[in-house]
K.L.:
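Structure below; questions to follow.
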Amino acid sequence: MEARPQDDFEPRFDRAGTAGGGRILVIDDDEEVRYLLRYLLTHEGFDVDDAATREEAFDRLTANVPDVVLLDLHLSGRAGHEAIPMLRSDPRTRFVPVVMITGGATRKDKLDAIAAGVTDFLAKPFDGEELVARIRNLVRLKRYTDAFEEAQAVIIALAATIDARDPYTAGHSERVSYYAELLGRAIGVSAEDQRLLHFGGLFHDIGKIAIRDSVLLKPGKLTPEEFKEIQRHPVAGRDLLKDMRTLDAAIPIVYHHHERYDGSGYPEGLKGDSIPLLARIASVADVYDALTTSRPYRAAMTRHEALEVMEAERKKGWWDPELFDEFRAALESLPEGFLPGGEEA
Ligand SMILES: [Fe+2]
Ligand SMILES: [Fe+2]
């Protein structure tokens with residue numbers, strides 16, 4: 001039986017010190033309202049903090065990120081409105097649900113607030129029971145978001161450890177991600193496909209986690225068996241990501257990034273346009289980064305040298321010819337010697 005996410009979710013991600021309720025920040029310049037909300041919510045098991053001014057609120061927000069913010073729309077002039085973009089632009093608080101407390105808000109006020117990213121409204125005077133029920137829902141939502149962000153952060157950290165196992169490939173995944181996105185943008189793929197190229201680039205070699213150090217880091221020539229083992233990494237990568245709902249759309253990139261346009265690649269030996277477009281993009285990015293960074297047996301190639309090598313490979317039929325030309329053109333927007341995320345080559 002498939003477990004419902006909620007079944008095992010809440011206890012695990014409950015934070016210590018919140019008594020299961022959640023952390024609420026009340027931002028209101030009306031002392032009476034703050035007192036009332038604090039009293040009501042504390043009684044219901046929430047951990048409540050409050051702030052009277054925007055400045056105070058900023059301090060509280062950054063010191064202790066809340067699960068839900070209750071914000072007075074009319075906090076000294078337009079300060080209530082101004083607080084929202086601030087919350088949404090800070091990575092620590094961008095997913096925190098914001099409930100706007102509205103006294104005499106006009107329809108326009110509300111529409112502006114929704115456009116700015118307010119999650120919900122609460123009209124004064126409050127119905128205590130309704131308030132608590134809504135906040136409970138929002139805390140749950142916030143915890144899901146936290147869990148998602150944590151899982152994503154773990155995977156990204158994991159991807160970085162793969163590059164870190166081999167000093168010669170440090171930062172490789174990040175750069176492949178950068179080049180793949182660059183090429184994707186150049187040929188006008190959708191924003192969603194750009195996102196997939198970003199993650200696909202970060203995770204394309206994640207299957208190397210399953211390869212032994214003695215093979216992965218072997219300085220000399222690989223035996224045919226060892227080479228076969230290395231070639232398993234796209235399959236291992238696909239298997240690692242297949243149950244992750246947020247990343248499974250990037251699997252074609254991970255699984256097919258060693259295919260070649262003429263069908264001489266692996267794991268499937270796919271040919272031409274039957275290789276998924278995003279994988280064809282990533283493979284060009286992957287090879288370019290491998291050539292332009294140093295290896296135990298050779299120094300890093302310049303952009304020109306790398307493109308010459310790839311041009312010869314393109315003639316052999318390895319790379320999608322149009323994509324290769326687009327990539328070469330897109331690279332011209334970068335300064336010579338530029339290495340994404342690192343020092344100059
Ligand atoms: Fe690879
Ligand atoms: Fe790679």
Side-chain angles (χ1 to χ4, degrees), residues 6 9-11 13-147 149:
Q6 212 168 323
F9 174 78
E10 278 181 292
F13 291 99
D14 235 345
R15 292 202 192 93
T18 59
R23 194 179 298 129
I24 316 296
L25 175 63
V26 177
I27 310 173
D28 200 311
D29 52 4
D30 184 335
E31 203 188 328
E32 235 174 89
V33 174
R34 288 202 312 277
Y35 176 81
L36 179 72
L37 285 171
R38 179 185 268 282
Y39 178 81
L40 182 71
L41 295 172
T42 307
H43 189 72
E44 291 291 335
F46 295 102
D47 204 1
V48 187
D49 208 354
D50 61 54
T53 63
R54 197 174 59 149
E55 290 67 31
E56 242 180 79
F58 291 170
D59 292 344
R60 301 271 193 288
L61 274 171
T62 41
N64 210 351
V65 177
D67 292 311
V68 176
V69 170
L70 290 178
L71 176 69
D72 179 10
L73 182 65
H74 292 299
L75 191 69
S76 39
R78 290 192 54 80
H81 278 307
E82 286 160 11
I84 304 294
M86 187 280 303
L87 268 163
R88 292 295 174 243
S89 62
D90 187 327
R92 287 165 301 184
T93 54
R94 69 186 153 162
F95 294 128
V96 174
V98 177
V99 179
M100 210 151 221
I101 305 165
T102 59
T106 64
R107 185 167 171 274
K108 167 128 188 14
D109 287 337
K110 284 191 170 185
L111 289 174
D112 286 351
I114 291 170
V118 163
T119 321
D120 202 356
F121 293 96
L122 188 74
K124 281 191 239 181
F126 315 118
D127 172 334
E129 233 173 291
E130 187 188 336
L131 169 68
V132 168
R134 280 208 218 174
I135 289 185
R136 286 228 164 91
N137 271 341
L138 291 173
V139 167
R140 191 172 299 130
L141 176 75
K142 173 62 169 40
R143 301 254 166 110
Y144 278 121
T145 323
D146 286 351
E149 288 232 300

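Basis for what follows: all heavy atoms, side chains included, without hydrogens, waters or symmetry-related copies.
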K.L.:
Please determine which of V132, V139, N137 meets the side-chain contact (heavy atoms from CB on, under 4.5 Å) test together with I135.
P.N.:
V139
K.L.:
Find out whether T62 and R92 are in side-chain contact, i.e. whether some heavy atom of one side chain is under 4.5 Å from a heavy atom of the other.
P.N.:
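Sidechains of R92 and T62: in contact.
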K.L.:
Evaluate L40 against V48 for side chain to side chain contact (heavy atoms under 4.5 Å, CB included), listing each step before the verdict.
P.N.:
CA-CA 10 Å; L40 182 71; V48 187; over 6 Å; no
K.L.:
Set out, in order, the CA-CA distance, both residues' side-chain angles and the distance that settles side chain to side chain contact (heavy atoms under 4.5 Å, CB included) for F121 and I114, then state yes or no.
P.N.:
CA-CA 9 Å; F121 293 96; I114 291 170; 3.6 Å; yes
K.L.:
Tell me if a side-chain donor or acceptor on R23 pairs with a main-chain N or O of V65 at a distance below 3.5 Å.
P.N.:
yes
K.L.:
Indicate the atoms forming the closest heavy-atom contact of V99 with V68, along with that distance.
P.N.:
CG2-CG1, 4.2 Å
K.L.:
What pair of heavy atoms forms the shortest contact from R88 to R94, and how long is it?
P.N.:
NH1-O, 2.9 Å
K.L.:
Are there over 12 heavy-atom neighbours, none belonging to E32, within less than 6.0 Å of that residue's CD?
P.N.:
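Result for CD/E32: open.
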K.L.:
Supply the atom-to-atom distance L122 CG to E130 CD, rounded to the nearest 0.5 angstrom.
P.N.:
6.5 Å
K.L.:
Mind checking whether I84 and L71 have side chains closer than 4.5 Å, heavy atoms only?
P.N.:
yes
K.L.:
Hey, does the side chain of T93 reach the backbone of V96 with a donor-acceptor pair shorter than 3.5 angstrom?
P.N.:
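Side chain of T93 to backbone of V96: no pair is present.
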K.L.:
Taking the side chain as every heavy atom from C-beta outward, state whether L70 and D28 have any pair of such atoms under 4.5 Å apart.
P.N.:
no
K.L.:
Quick check for you: to the nearest 0.5 Å, what is the distance between D47 atom CG and L25 atom CG?
P.N.:
11.0 Å
K.L.:
In Å, rounded to the nearest 0.5 Å, how long is the span from CD of E44 to CZ of R136?
P.N.:
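Separation between the atoms: 5.0 Å.
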K.L.:
Is there a side-chain contact between V33 and D72, using heavy atoms and a 4.5 Å cut-off?
P.N.:
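With C-beta onward as the side chain, the pair stays apart.
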K.L.:
In Å and rounded to the nearest 0.5 Å, what is the CG to CG distance from L131 to D120?
P.N.:
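These two atoms lie 10.0 Å from each other.
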K.L.:
Scan D49, D29, D50 and name whichever one has a salt bridge (charged side-chain N to carboxylate O under 4.0 Å, His left out) with R34.
P.N.:
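Testing each of D49, D29, D50 against R34, the sole residue satisfying salt bridge (charged side-chain N to carboxylate O under 4.0 Å, His left out) is D50.
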K.L.:
Test side chain to side chain contact (heavy atoms under 4.5 Å, CB included) on L87 and L61; report intermediate values, then the result.
P.N.:
CA-CA 9 Å; L87 268 163; L61 274 171; 3.8 Å; yes
K.L.:
Taking the side chain from R143 and the backbone from D67, do they hold a donor-acceptor pair closer than 3.5 Å?
P.N.:
no
K.L.:
Taking all non-hydrogen atoms of both residues into account, name the closest pair between R60 and A51 and its distance.
P.N.:
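R60 and A51 have their closest heavy atoms at CG-CB, 4.3 Å.
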K.L.:
Would you say T119's side chain and V98's backbone share a donor-acceptor pair under 3.5 angstrom?
P.N.:
yes
